[in-house]
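Note that the coordinates shown come from a computational prediction; the quantities given were computed from them, not determined experimentally. Order of the sequence lines fixes the chain letters, A, B, ..., with proteins taken first and strands second; residue numbering starts at 1 for each chain.
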Number of protein chains: 2
Amino acid sequence: MKIEAEASSRAKILFEATRIAQAHGYSGLNLRNLAQQVGIKAASLYYHFPSKADLAAAVARRYAEDSVATLEALSLEASDAETCLRRYPETFRRSLENGNRICLCSFMAAEYDDLPSEVQTEVQAFADGNIAWLGKMLQLTGMKRQHAQTRAYAIFAAVSGAQLMARGRADIGLFDSIIESYRVAGLLRGENTT
Amino acid sequence: MKIEAEASSRAKILFEATRIAQAHGYSGLNLRNLAQQVGIKAASLYYHFPSKADLAAAVARRYAEDSVATLEALSLEASDAETCLRRYPETFRRSLENGNRICLCSFMAAEYDDLPSEVQTEVQAFADGNIAWLGKMLQLTGMKRQHAQTRAYAIFAAVSGAQLMARGRADIGLFDSIIESYRVAGLLRGENTT
DNA sequence: ACCTGAACACCGTTCAAGT
DNA sequence: ACCTGAACACCGTTCAAGT
């Protein structure tokens, strides 16, 4: 109770900020808008977060943590590594389903050079978490460590690109067919390559 | 002579605006900065372009045209379609070589929903030009039209993603190894798939 | 024909002040 | 403990005015 009430305003800020950042990126995250969404004034945001940079870093950190948790859940639920790899794009698909939004950190990756360093750190952490998980799955299929690592980067980059493209066209079917094309080419599989 | 002098200021604006947009995107394109780079005041930009949106659209249009021209040159120069496909990522690599910049239109794709519609149109045209060229090359390798079209989207999305990722890490070697990984998987080849 | 200073409504941020 | 109005330097844009 106490905790809920205490976290209420802060939690609301984080929630709305995540939605806005997913749709408009860091530079599109407008504090006056955000405050209005939350029901307070822009100046009041500074009671909860020292700056826009810190707020965005908090948003990105929570997003990265959720993402890793989702992947862990997938690898516990799925029977084998190949299934995990095949289903990996689902996590990216869900953002598109949810109002043509986009993976927060892939989005911010475009603005990367202009992000405050605290935010850069969290965006990196998100990507690293995904890549580590992919690398682990690929090794489970029998791929050598070095090869698995490179392939993990490739899958992450390719799926991010597909999401970005599908969002631009506002066409989730395009996401599906690009992913299917990756599968056909063999990008989302484990051992079947050199 | 006359033409050169006439175009001089406008050309300078387009040139500098392209550089800035490649590094910071549309929302990062600051008119006061741009004007200073050109050697005029921000208000003077409005003599040459009616708005930031029109300026950015002009930048994107020229960029898209150059890109198609580069691809045409490649397909004339290269001996066969497979070579063209293998060399396609070079056009994206060059932006990274040039100061860790990024394909203007892939960059803008992240901001897509917030772009003025004139700019959206040009970004689409860029992507469509690339995809059409890729589709043609893929068909030349014997791929069926429908399959080639989907694969063209996939290649474009994957290479864009690789560029974005490599830029975030400021590591052109990462771009190369991701592309190599695509090749190994078979994504950048023609007929070798179902 | 080309450029400018001053002004507008907007942004992130600060801070003294309110409850 | 939590919020606010007013102010700051900044943004895109307009416009009357300069040469």
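- Every side chain to side chain contact (heavy atoms under 4.5 Å, CB included) that Val68(A) has, sequence neighbours left out, goes to Glu72(A).
- Between the CD1 atom of Ile40(A) and the C1' atom of dC2(D) there is a distance of 9 Å, given to the nearest Å.
- With rounding to whole Å, Leu34(B) atom CG is found 9 Å from dG12(D) atom P.
- Within residues 110-122 of chain A, no residue has any heavy atom under 4.0 Å from DNA chain D.
- Here Phe107(B) pairs with Ala110(A), Ile102(B), Arg167(B) under the side chain to side chain contact (heavy atoms under 4.5 Å, CB included) rule; sequence neighbours left out.
- Atom CZ in Phe49(B) sits roughly 17 Å away from atom P in dA1(C) (whole-Å rounding).
- Among residues two or more places apart in sequence or in another chain, the salt bridge (charged side-chain N to carboxylate O under 4.0 Å, His left out) test is passed with Arg183(A) by Glu180(A).
- Using a cutoff of 4.0 Å between basic side-chain nitrogens and carboxylate oxygens, Arg169(B) and Asp128(A) are scored as salt-bridged.
- Judged as a side chain to side chain contact (heavy atoms under 4.5 Å, CB included), and not counting sequence neighbours, the contacts of Ala64(A) are Phe126(A).
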note = In B/S/- notation (B base, S sugar-phosphate only, - none; protein heavy atoms under 4.0 Å), nucleotides 5-11 of chain C written 5' to 3' is B-B---B
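- Scanning for salt bridge (charged side-chain N to carboxylate O under 4.0 Å, His left out) contacts around Arg61(A) gives Glu122(A), with sequence neighbours left out.
- Every salt bridge (charged side-chain N to carboxylate O under 4.0 Å, His left out) that Glu97(B) has, sequence neighbours left out, goes to Arg93(B).
- Applying the salt bridge (charged side-chain N to carboxylate O under 4.0 Å, His left out) criterion to Glu118(A), with sequence neighbours excluded, gives no partner residue.
- With sequence neighbours left out, the ring-ring contact (aromatic ring centres under 6.0 Å, His included) criterion links Phe92(A) to Tyr88(A).
- Between His48(A) and dC3(D) there is a side-chain polar atom (N or O) within less than 4.0 angstrom of OP1 or OP2.
- The separation between Arg10(A) atom CZ and dC3(D) atom C1' is 17 Å, rounded to whole Å.
- Arg32(B) pairs by the side chain to side chain contact (heavy atoms under 4.5 Å, CB included) definition with Asn30(B), Ala42(B), not counting sequence neighbours.
- Closest contact between the side chain of Tyr46(B) and the listed nucleotides dT14(D), dA1(C), dT13(C) involves dT14(D).
- Scanning DNA chain C for stems, defined as runs of 3 or more consecutive Watson-Crick or G-U wobble pairs whose donor-acceptor distances all fall under 3.5 Å, gives the following ranges: C:4-8 with D:12-16, C:12-16 with D:4-8.
- Without hydrogens or angle criteria, Ser67(A) side chain to Tyr63(A) main chain gives no donor-acceptor distance under 3.5 Å.
- Rounding to whole angstrom units, CD1 of residue Ile13(B) and C1' of dA1(C) are separated by 14 Å.
- For the pair Tyr47(B) and dC2(C), the criterion of a side-chain N or O lying under 4.0 Å from OP1 or OP2 is met.
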